[in-house]
Each structure stands twice: as structure tokens, then as C-alpha cells.
Amino acid sequence: MTTKIPQSINVGLIGGGFMGKAHSLAYAAMPMFFWPAPALPYRKTIAELNIEVAREAAMRYGFAEGVSDWRRIIEDPDIQVVDIATPNDSHAEIAIAAAEAGKHILCEKPLATSSEDARRMLEAVRKAGVVNMVAFNYRRTPAIALARRLIEEGRIGKVLNFRGTYLQDWSADPSGPLSWRFQKKIAGSGTLGDIATHVVDIARYLVGEISHVNAMMQHYVTERPLQSGGADKLGASEKNANAPMGAVDVDDEVMTLLRFGGGAVGSIEATRNGWGRNNYITFEIHGTEGSISFNYERRDELKVFFNSDPNDVRGFRTIYTGPAHPNGGALWPIPALGIGYGETKIIECHDFFQAIVTGTAVSPNFEDGYITALIEDAIVKSSQERREVEVERAES
Ligand code: NAI
Ligand code: SOE
């Protein structure tokens with residue numbers, strides 16, 4: 001053994017659905033990629049809504065035990081990390097209880113269903129002095145981190161324009177079931193909180209603070225068949241035309257113009273009803289000396305254009321991310337072997353544990369989650385009042 005054995009840190013994960021799976025994979029895989037790992041995450045307890053599901057989740061995701069009450073995780077003095085992977089309406093209550101118990105917290109996005117709850121969560125983690133992170137994982141895609149590095153190095157000059165999209169089609173079919181993502185009481189909002197916030201996070205990460213928005217929100221589908229039970233269904237995979245219907249009270253589509261504090265302008269468009277688009281997170285950034293273009297559906301690639309290239313070979317070139325790029329050394333040995341969604345969660349997990357072990361802050365954290373919630377408020381207000389709205393500043 002040539003390496004000092006990293007310390008073990010016990011994790012309690014709440015919610016064993018889609019994100020429960022993604023986070024469990026990251027706990028298992030993080031030390032396989034990042035070695036020596038900052039710490040070895042030990043999957044101690046997973047909480048689900050009932051004990052059978054919790055025990056099955058424990059078996060499947062490699063946890064020592066499954067429990068049916070998340071408070072058991074908060075009360076366990078041997079758990080240092082609380083991971084919140086439940087639907088949005090429970091994030092605030094769990095996170096505040098976890099902070100008061102002195103646990104470090106990884107919370108899924110959006111941080112909360114309202115900016116008021118997000119602010120309370122931020123106050124709780126600040127008061128407790130615990131490491132906190134909100135899981136906007138897409139910024140950890142190596143190509144997106146490379147875009148940030150190129151911008152910081154001045155390779156495209158001063159940024160003038162950010163044009164971002166997040167387009168999906170899983171909710172385009174109105175007979176798709178009434179997921180919790182269509183219910184304001186649980187989700188807080190629709191496309192806005194669910195996916196537009198990912199692009200807000202990418203825009204802030206790459207270009208800086210957003211000062212003003214000018215937005216339009218649309219709501220097309222007003223009711224959907226109730227789900228027959230069991231795990232949440234994302235979209236049209238299980239249709240039931242004879243099922244009783246329930247109300248959809250969230251937005252389907254968001255578009256907003258942006259002004260950044262640093263002087264750039266931009267736009268974001270997001271929909272879950274765009275047939276043919278799956279996880280179409282794209283951005284194009286124009287600077288005074290060049291441009292950068294990205295599409296998550298081809299996430300190994302970053303397209304760059306440098307004005308300094310000789311005229312006869314000038315054009316967008318494609319960089320395939322690999323060991324030369326952010327986090328690339330920990331991932332796979334040659335470019336273009338294929339970065340997946342899982343890798344973004346593995347990098348997120350590494351950075352979170354690194355922050356815990358070194359006692360430093362990590363981004364995006366609850367402050368970023370709160371600022372994103374304030375941007376969401378401004379988008380809603382702008383759409384309702386049909387005018388440009390200034391984003392409220394977060395008190396520091
Ligand atoms: P899901 O519906 O697949 O899973 C949620 C699980 O939490 C369910 O199994 C449910 O039974 C369980 N649950 C609900 N209340 C609970 C409670 N009080 N105690 C214990 N378990 C409880 O939902 P999904 O897709 O995993 O979403 C969870 C969170 O992750 C949401 O906030 C969502 O916005 C976010 N998310 C983030 C993604 C990302 O790319 N960062 C991707 C997908 C979801
Ligand atoms: C559904 O729109 C969803 O699962 C979102 O909730 C996630 O945040 C996104 O990353 C993938 O799509």
C-alpha cells in the first residue's frame with residue numbers, strides 16, 4: 001500500500017428514485033476515478049417513503065440499511081453527510097434539520113420551491129458552518145468546465161453574448177402521466193425550476209451574475225392522467241387514456257432575455273415539450289475575440305472559434321475532452337471515450353468531499369441556489385408584468 005488510506009465519511013441518502021440512483025453510483029465510483037480520494041463515502045443509510053422500498057433501495061444501491069423516516073438519518077450521530085434527493089417540496093425541511101444537527105449537505109436542485117425557503121436554508125447552513133452544495137451538476141461536464149477555463153484565460157476576449165437552451169420532449173404528449181414535476185405544490189414551478197435553472201447556473205458559472213431579465217412563460221397542458229402508483233414516471237412512457245385526470249398548474253415553457261452585471265447580454269429558452277429534443281442543453285457564447293459552442297447531447301465536444309486563426313483555416317474547431325481538460329485526468333485515458341451523466345455526478349461527489357475534508361466552500365452552494373431562486377422570481381414577475389425586471393440582490 002503506497003497511499004495513505006483516506007478517511008471514511010458516512011452518508012445518509014434521502015430518496016431512492018432517479019437521483020438516489022445517480023448519487024449512489026457516484027459514492028461507489030468516486031474513489032475508483034479520483035485516487036487518492038479525498039474520503040471514502042460509506043453508504044450507511046437510505047430513507048424512502050416506506051420500509052419495503054427503503055430496504056430494496058439499500059440492497060440495490062449498496063447501503064447498510066434502509067429506513068422509512070428520514071429523521072433517523074438526522075438523528076444518527078455517526079452520519080456526517082445528508083444527501084437530499086427527494087422531490088423539491090421536502091428539501092427545505094430536511095436541509096434545515098440536517099444543518100441544525102451539524103451535517104454537511106448535498107441537496108438536489110432546485111434548492112427549494114420558493115426563494116423564501118431557499119433563504120432560510122442558506123441561513124441554516126451559514127449558522128451551522130456546514131459544507132453545503134446544490135446539485136447543479138451539468139457545470140461539471142468537462143467541456144463546460146473547459147469553456148470556463150478558456151473564458152477565464154481570455155481566449156475569446158470579453159464576453160458579449162450568452163445564448164442558452166434546455167429543450168426536452170418528455171412532457172410533450174398531454175396524455176403522459178401527472179408526475180410530481182407538474183404539481184406546483186410539490187415542484188414549486190414547472191420548466192422554470194426543473195430545467196431552466198440548470199442553464200441559469202451554467203450562465204452564471206460562465207459569464208457571471210445576472211442583473212436583469214425580460215421573460216415570457218407559457219402554460220399549454222392543463223391536466224394529465226393520474227399516475228397508477230409506484231415510481232414517478234417521466235413522461236409518456238406509461239400512458240393511460242382512461243385514468244382519472246389531475247390538474248397541471250405549472251409552466252410548460254420559459255424564455256427570457258438576460259442582462260449580466262458585467263455588461264454582456266443573453267437569452268435562455270427552456271421547454272419539456274419540444275418534440276425531438278431530449279437533453280438539449282446548449283449554449284453559444286460570443287466574445288470580442290472568438291466564440292464557444294456546446295451541446296450536451298454531444299457532451300464530449302466543445303466547439304471553439306478563435307478570431308486570431310489565419311483567414312484560410314478560420315472556422316469552428318471541435319475539441320474532444322480528455323485527460324488534458326478539467327477533471328479529465330481522473331476520468332478516462334484518451335479523449336472521446338465518452339463522458340456520461342454519471343461522470344458529472346462523480347465529479348460533483350469528489351468536489352463535495354474535497355470541501356468537507358479541507359474545510360472549504362464548494363460551488364454551487366446554497367448561496368448559488370438562493371440566487372438562482374431570486375432569478376426565478378424575477379422571471380415570473382417579468383412574465384406576469386410583461387416588462388424587464390431587476391433581479392433582487394442576495395444579502396451576503
Ligand atoms: P423521483 O421521483 O425519481 O425520486 C424521488 C424519491 O424520493 C422517490 O422514490 C420518493 O418515494 C422518495 N421520497 C419522497 N419523499 C420522501 C421522503 N419524505 N422521505 C424519503 N423518500 C422520499 O425524483 P428524482 O427525479 O430523483 O428527483 C429528486 C430531486 O432531484 C428533485 O429535486 C429533482 O428536481 C432533482 N433532480 C435533479 C437532476 C439533476 O440533473 N441534477 C435530475 C433529476 C432530478
Ligand atoms: C426532468 O426534466 C429532468 O429529470 C430534470 O428534473 C433534471 O434536473 C434534468 O437534469 C433532467 O431532466
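Whatever order the structure lists ligands and atoms in, that order sets their numbers, starting from 1. Below, all heavy atoms of this structure are taken into account, side chains as well, without hydrogens, waters or symmetry copies.
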Can you sort out which atoms of ligand 2 are near [X], meaning under 4.0 Å from one of its heavy atoms?
X	result
W170	1 (C), 2 (O)
D194	1 (C), 2 (O), 5 (C), 6 (O), 8 (O)
K109	5 (C), 6 (O), 7 (C), 8 (O)
H198	7 (C), 8 (O), 9 (C), 10 (O)
I195	2 (O)

Next item on the list: Return yes if a side-chain donor-acceptor contact under 3.5 Å exists between T288 and K158, otherwise no.
Entry: no
Notebook entry, point to check: Can Y280 and Q168 be counted as having a side-chain donor-acceptor contact under 3.5 angstrom?
Noted result: no
Margin query: Counting neighbours of CH2 on W332 that are heavy atoms of other residues, nucleotides or ligands and sit closer than 6.0 Å, is the number greater than 12?
Written below: no
Item checked: Centroid-centroid under 6.0 Å between F136 and H198 rings -> yes
Note to self: Please tell me whether F182 and W170 form a close aromatic pair, meaning their ring centres lie under 6.0 Å apart.
What the structure shows: yes
Check: How close does the nearest protein non-hydrogen atom get to atom 10 (O) of ligand 2, and which residue and atom is it?
Finding: Y138 OH, 2.6 Å
Check: Tell me: protein heavy atom nearest atom 4 (O) of ligand 2, and distance?
Finding: R181 NH2, 3.3 Å
Next item on the list: Kindly say whether R387 contributes a backbone atom to a donor-acceptor pair with the side chain of S382 at under 3.5 angstrom?
Entry: yes
Notebook entry, point to check: Which residue, D252, D194, D249, forms the salt bridge (charged side-chain N to carboxylate O under 4.0 Å, His left out) with R181?
Noted result: D194
Next item on the list: Would you please determine whether Y341 falls within less than 4.0 Å of ligand 2 on a heavy-atom basis?
Entry: no
Notebook entry, point to check: Should D169 and R272 count as an ion pair when the cut-off is N to O under 4.0 Å?
Noted result: no
List below, pair by pair, the N or O atoms of ligand 1 and of the protein that are less than 3.5 Å apart, including the distance to 0.1 Å; reply 'none' if no pair qualifies.
from	atom 1	to	atom 2	distance (Å)
ligand 1	2 (O)	W180	NE1	3.0
ligand 1	3 (O)	F18	N	3.0
ligand 1	9 (O)	E48	OE2	2.4
ligand 1	11 (O)	E48	OE1	2.7
ligand 1	11 (O)	E48	OE2	3.3
ligand 1	25 (O)	R181	NH2	2.8
ligand 1	26 (O)	F18	N	3.3
ligand 1	26 (O)	M19	N	2.8
ligand 1	32 (O)	T86	O	3.3
ligand 1	32 (O)	N88	OD1	2.6
ligand 1	32 (O)	H91	NE2	3.1
ligand 1	32 (O)	K109	O	3.1
ligand 1	34 (O)	N88	OD1	3.3
ligand 1	34 (O)	K109	O	2.8
ligand 1	34 (O)	K109	NZ	3.0
ligand 1	40 (O)	N137	OD1	3.3
ligand 1	40 (O)	Y341	OH	2.6
ligand 1	41 (N)	E108	OE1	3.0
ligand 1	41 (N)	A135	O	3.2
ligand 1	41 (N)	N137	OD1	2.8

Check: For ligand 2, is any non-hydrogen atom under 4.0 Å from Y166's backbone (N, CA, C, O), its side chain (CB onward), both, or neither?
Finding: side chain
Notebook entry, point to check: Which heavy atom in M30 sits nearest to a heavy atom in A39, and how many Å separate them?
Noted result: CE-O, 3.5 Å
Notebook entry, point to check: Relative to the ring of F283, is the ring of F162 parallel (under 30°), tilted (30 to 60°) or perpendicular (over 60°)?
Noted result: parallel
